[in-house]
Amino acid sequence: MVKTGMKPVDDTIENQKICRQYCGICPTFRGNKLGEVPPHELFCGRGTSSAQSKVKTMGCFCPACELFTRHGLIIGYFCATR
Ligand code: SF4
Ligand code: SF4
């Protein structure tokens with residue numbers, strides 16, 4: 001879970017749908033096939049990808065996501081270990 005001073009991002013169907021509009025089409029997600037391994041999406045709420053190899057960062061669409069703004073998140077790349 002990403003720590004913020006605001007309400008955490010809940011793992012809900014509604015939030016999954018919102019996430020898919022951004023994570024689902026981002027170059028990092030596609031390039032690393034992140035949809036094939038847990039937690040599949042909603043990385044800001046569920047945590048980083050469990051992909052075997054380190055996630056290669058190629059761009060992040062999180063800053064455009066309404067949950068990013070609503071929850072006061074910063075930077076993005078929630079799928080990758082930093
Ligand atoms: S902030 Fe990023 S990880 Fe979180 S729901 Fe939006 S697109 Fe997905
Ligand atoms: S967290 Fe950012 S970099 Fe990772 S899949 Fe979602 S939009 Fe792409």
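For ligands, and for the atoms within them, numbers begin at 1 and follow the listed sequence.
Listed here is the closest heavy atom pair of Cys79 and Val55: O-CG2, 4.0 Å. The two atoms that bring Pro63 and Ile75 nearest to each other are CG-O, 4.3 Å, heavy atoms only. Heavy atoms only, all atoms of each residue included: Thr48 and Ala80 are closest at CG2-O, 3.5 Å. Residues Ser50 and Pro38 share a closest heavy-atom pair of OG-O, 2.7 Å. Contact record, Pro39 with Gly47: CG-O, 3.6 Å, taken as the closest heavy-atom pair. When all heavy atoms of Leu42 and Asn15 are compared, the pair lying nearest together is CD1-O, 3.6 Å.
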Quick one: side chains of residues 23-30, donor-acceptor pairs under 3.5 Å with protein atoms, not counting sequence neighbours, listed by atom name and distance.
residue : atom : partner : partner atom : Å
Thr28   : OG1  : Met58   : N            : 2.7
Thr28   : OG1  : Gly59   : N            : 3.2
Thr28   : OG1  : Gly59   : O            : 2.6

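Interface atoms of ligand 2 facing Tyr77, defined by a heavy-atom separation under 4.0 Å, are 2 (Fe), 3 (S). Within ligand 2, the atoms closer than 4.0 Å to a non-hydrogen atom of Thr28 are 3 (S), numbered from 1 in the order shown. Within ligand 2, the atoms closer than 4.0 Å to a non-hydrogen atom of Phe29 are 5 (S), numbered from 1 in the order shown. The Phe61 neighbourhood of ligand 2 comprises atoms 7 (S), with distances under 4.0 Å to a heavy atom of that residue. Near Cys26, with a cut-off below 4.0 Å to any heavy atom, the atoms of ligand 2 are 3 (S), 5 (S), 7 (S), 8 (Fe).
For Tyr22 and Glu66, the side-chain atoms include at least one donor-acceptor pair closer than 3.5 Å.
If you take CD on Glu41 and CG on Leu34, they are separated by 11.0 Å, rounding to the nearest 0.5 Å.
With 2.8 Å as the limit, Cys79 counts as an N, O or S neighbour of atom 4 (Fe) of ligand 2.
Taking a 4.0 Å cut-off on heavy atoms, Gly59 registers as neighbouring ligand 2.
Counting heavy atoms only, Cys60 comes closest to atom 2 (Fe) of ligand 2 of the residues Ala80, Ala64, Gly31, Cys60.
Legend: protein N/O/S atoms lying under 2.8 Å from atom 4 (Fe) of ligand 1, waters omitted, number 1.
Side-chain contact check for Asp11 versus Gln16: some heavy-atom pair is nearer than 4.5 Å.
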